[in-house]
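We use all heavy atoms of the structure for the numbers below, so side chains are in, but hydrogens, waters and symmetry mates are not. We name chains A, B, ... by the order of the sequence lines, and we start the count at 1 in each one. Note that this is a predicted model, so its numbers are computed, not measured.
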Amino acid sequence: MSKPSDFVQGTLDLVLLKILALEPLHGWAISQRLPAVSGNVLQVSEGSLYPALHKLEVAGWIKAEWKITENNRRAKFYSITASGRKALNDQSADWDRLSKAVSQLLRLKEVRA
Amino acid sequence: MKVMRWLTALPLRLKTLFLTGRVEQELDEELAFHLERQVEQFMERGVSPEEARRMALKAMGGVEREKERCRDVRAGQWLDLTRADVVFGWRQLMKRKTTTATAVLSLGLAIGGCISAFRLVNALFLHPMPVSHPERLYGIYRFGKGFSDGKPRVETSYEYPVFQQMQAAVRNEAELIAVSYASPTDVTYRSEEEIEKAEVQYVSGSMFGAFGIRPAAGRLLTESDDLKPGAHPYAVLSHEYWAHRFGKDPHVIGSTVQIGEGRYEIVGIGPNNFTGTEPGTTTDIFLPTMMNPGVTHPDWGWIRILVLLRPGISAEVVQEQLRAVFETLQRERVKEFSGRPKQFLDRFLSWQVKLQHASAGISTTQDDYRLPLLTLSALLALVLLIACANVANLMSAQSAARAGEMALRFSLGARRSRLVRMVLAESAMMGAMASALGLLFSFWATPFVVARIQRPDLPIRLALQPDWLVVLAGMVITIAVTLISGLPPALRASHVQPVGALKGDSELKRWHRSTYVLIALQAAFCFVVIFVAGLFVTTFERLTQQSPGFSADGLLLVSAAAQRAQEPVVWDQTADLLHTVPGVVDVAQAEWPLLSGNTQNSFIAVDREVNPELASTLSVSPGWFRAMKIPLLAGRDFRENDRNGEVAVVNETFAKQYFGTPNAIGKRFSLQGVAGSIQVVGVMRNAHYQNVREGARPLFYMPIRQTSKNGGIAPISYETFVVRTAVGNPLSLTETLRKTIAMAHPELRITNVRTQQELIDAQTIRERLLAMLATFFAVVALLLAGIGLYGVLNYSVLQREREFGIRLAVGAPMRSIVQLVTTEVLAVVVAGAVVGAVVALATAPYLATLLFVVSARDPRMFMMPAAVLLGAAAMAALRPVMRASSIDPAIMLRSE
């Protein structure tokens, strides 16, 4: 199972932006949703999650609102902003390029001398 | 793009900074929500509630650390943290108001002293004159051996012809500006009756232009006002003088002023910030150098020379050129000195010129107070360090007491840097409060010190406006105080070991080591301050308690001058008239008063052999010795028909120096370069001549009456009446004496009325100030160190009460408890004192020129601070020892 530290540098931000682009969520929900949508490959500890969320908020890519949850409790819901969406597009394009390049590289045939 | 994002996030950052409470609360709530859901999740899997909670907490890895990380991320700033620290620190400080107040007060006084000293240093030495290129401004200093004692000396005075030669030599590289010594001078605006004093300074006409100074009104002096001797009767007033003397009356321009013998037209007013070139003195009236009779005298040293380098020229180049000029001139001059002793010629040729920065100007006040101010600043710095050490010890005790709290914070995940910041925030706040207090204090203290160095004949006026340098110095001092007093306790707090501290171990061992170092330092600094204070007090005592050789009680000195020299009979009649004034006991005449600073020296030849030792002289009337109460040892006083140049009365030293016998009556000597021999008719007890610090110098008195060229008696243009009175305050007779002279002889003008005591006091002003301030510093240092020591001892007794109780219970004698409390600390104090003594011994030679008859190597001077310091340590130890010895083991052990 992948540990938080195994997140390639910067990819946690990307993943969080993507998840919040789908729908506004609170921290707990994000920590539950992440394994669910990644087939249990990706997981994030609270120790990384909240600082990352706060960092994105300060960066202006996501914004936070206090809302009532489905079972009537106050929770801080994060949602993506316009500049967050732009950052997501830029970064996912970058990610595509990078991951394609890495996969291609890995598919090279090894020739034994 | 980046800027935009930063801007959109700005409200959030500000919220983080200023609505800390709300942000913190939101953070708490967010994490609590997460925790709850986690607990619920575990419970849904069938875990018990308690276990679920424990597992959830573990999964979150420490809520405090979590919060900390989130805070860190917020705006990536520590500004937010600082605010929390400030709020928390403030609460801590307010919890112990007395301690805080003591700390702030002691730091504040010390900081205030330092700021005051710096303001003086700044005003005298650093603050550049308001001229266009202060950085290119230099002064020509001369370094060489003193003519009378051969000791190294620095001078800034030059003869005008020397200035002209130098000016011509470096015309292309620099502009040379001659400025006279500003001196209080008699000036009259209307009638002769209303004479007042103003600071008059003769300056090169080119000065204002070279300095880029513009007039506030009228015009300033120019080069064309400074061409021919005596031909340019124009005066410029300083703005300050114009404002306080004339209320900025524009009609002053065009009016005239009588200065000495000349009448001048006031042509303009200087700008409001330019007060002359002498820090310590503010010039009232500027006159062209050409109006001073000194411009044609080849041997009147009455000007200083300022050098304004032209752009791109280095000071070294100009200095080399000036050196060459000066050396040539010296060689020329030395040819005139044939017949003078070789020792004198060697000393004369030892002088060399050197350029030194003079962006603040050059003044006598600077020379007088350079070393004293430096010394006082150093003492103040030591006092400040003692105060800092006190606060550091105090806060260390506090942080030792808070070791438990710190350990808890650390265990909950607060980082060490955070703990350091917490404690530093406290000392920073104390530092800031103390600095504010110190600033207020300096507003009172600086003028207080300036008022203490006033001399009636040389009033000191300092421009004390705060400038950016003072602000900078204040900030540096504050930061230094914060770090010195805050860093040791902060580091200690952060090194807390959670396991030990939470179990209740007090970190006494660590605490002791650095505390001892601080106590030793305090003792060392204290020793130095007391030692220096002792030197200054002894100097002042010896100076004031020595006999000047005459009696100053009730002695009034009335200096008078005549526009046209008057026959001696006029002066004699005036003296007789003064004698009739009720309260006057005796009247005599002298060329000038003793201890007025005036000197006239000659080489003495006995049997045509010139002695290398210089002798000083003064012309006096018959009866002068009686009026001064200088005892006659042999021979007689002058008589009416004695003439100057024929007979002399000499002092003991003179008799021994030149004739080798105290009884020199009837012996003859001559003055080098003067024809005719002089017969000694009387020998007098030694008396101080020029200043109170000098030893007994050879001195000969000559009759005030002089044979004129045509064989009659030469007229006299100025002299001083020495008036012995029998009234408590001799100055109360001033008006009567003034009127008496004005009515009988209006041709005589009174230029100055002083008491002889004033002249004596004026020469010890610096010593009085040093003794007074150094004593004050010593008392403060001792008090602070004593309080600090008391605090430390008291605390350690409190900490060890239980241990002492057990010791007593198992039979330890009380004596051993007292030893436990005191031995170590006293050993530390003694060690500190030894270090202090070594430092004192090393620095004392630098103070030699400020001392009088007291040696900085005198063992007695070391005994005093040692005794005082140990006495204070014993006093500080008294109460803690009593507390330790009053421990009742039964009660102590029961309370545990």
Side-chain angles (χ1 to χ4, degrees), chain A residues 1 3-5 12-13 16-17 24-36 43-91, chain B residues 1-17 19 22-42 44-45 55-81 413 415:
Chain A
M1 198 169 16
K3 283 185 196 155
S5 56
L12 177 59
D13 290 355
L16 289 176
L17 282 175
L25 290 171
H26 49 70
W28 169 256
I30 296 169
S31 74
Q32 299 303 304
R33 180 72 57 91
L34 194 52
Q43 213 176 39
V44 62
S45 82
E46 299 74 26
S48 311
L49 174 64
Y50 286 100
L53 284 172
H54 285 248
K55 198 173 87 190
L56 292 177
E57 188 188 353
V58 169
W61 286 341
I62 61 175
K63 61 178 195 280
E65 267 173 300
W66 286 90
K67 285 193 204 159
I68 306 299
T69 65
E70 58 276 21
N71 37 14
N72 256 342
R73 288 222 298 254
R74 239 167 74 89
K76 199 175 178 187
F77 280 79
Y78 295 92
S79 56
I80 197 162
T81 62
S83 70
R85 265 182 213 285
K86 192 176 175 303
L88 174 62
N89 286 338
D90 292 350
Q91 290 191 10
Chain B
M1 185 61 216
K2 229 178 175 165
V3 180
M4 272 309 293
R5 258 201 5 242
W6 194 86
L7 279 178
T8 47
L10 191 63
L12 196 70
R13 284 169 203 257
L14 290 179
K15 186 174 144 196
T16 321
L17 191 57
L19 300 174
R22 222 174 94 202
V23 172
E24 280 286 300
Q25 196 193 329
E26 285 184 5
L27 189 57
D28 279 345
E29 197 177 336
E30 187 177 21
L31 293 176
F33 174 78
H34 186 104
L35 189 68
E36 261 172 58
R37 301 300 297 259
Q38 184 79 65
V39 172
E40 279 168 23
Q41 197 185 46
F42 281 128
E44 277 162 21
R45 291 185 201 157
M55 283 168 64
L57 271 172
K58 194 172 164 224
M60 282 188 66
V63 178
E64 274 296 320
R65 183 161 299 181
E66 195 74 17
K67 281 202 231 165
E68 186 78 5
R69 279 192 192 144
C70 291
R71 281 192 211 112
D72 274 4
V73 162
R74 293 218 152 245
Q77 19 81 331
W78 58 287
L79 264 180
D80 157 47
L81 291 174
R415 275 172 300 166

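- Using a 4.5 Å cut-off between heavy atoms, A/T69 contacts chain B through its side chain alone, with no backbone atom that close.
- The one candidate from B/E30, B/R37, B/E40 that meets the side-chain contact (heavy atoms from CB on, under 4.5 Å) condition with A/W28 is B/R37.
- When all heavy atoms of B/H34 and A/S31 are compared, the pair lying nearest together is CE1-OG, 3.8 Å.
- Remark: A/R74 engages B/E29 in a salt bridge, criterion side-chain N to carboxylate O under 4.0 Å.
- Of the atoms belonging to B/Q41, it is side-chain heavy atoms, and not backbone ones, that fall under 4.5 Å from chain A.
- Chosen from A/G27, A/A29, A/A64, A/A75, the residue pairing most often with chain B at heavy-atom distances under 4.5 Å is A/A75.
- The line from CZ of B/F33 to NZ of A/K76 is 12.5 Å long, rounded to the nearest 0.5 Å.
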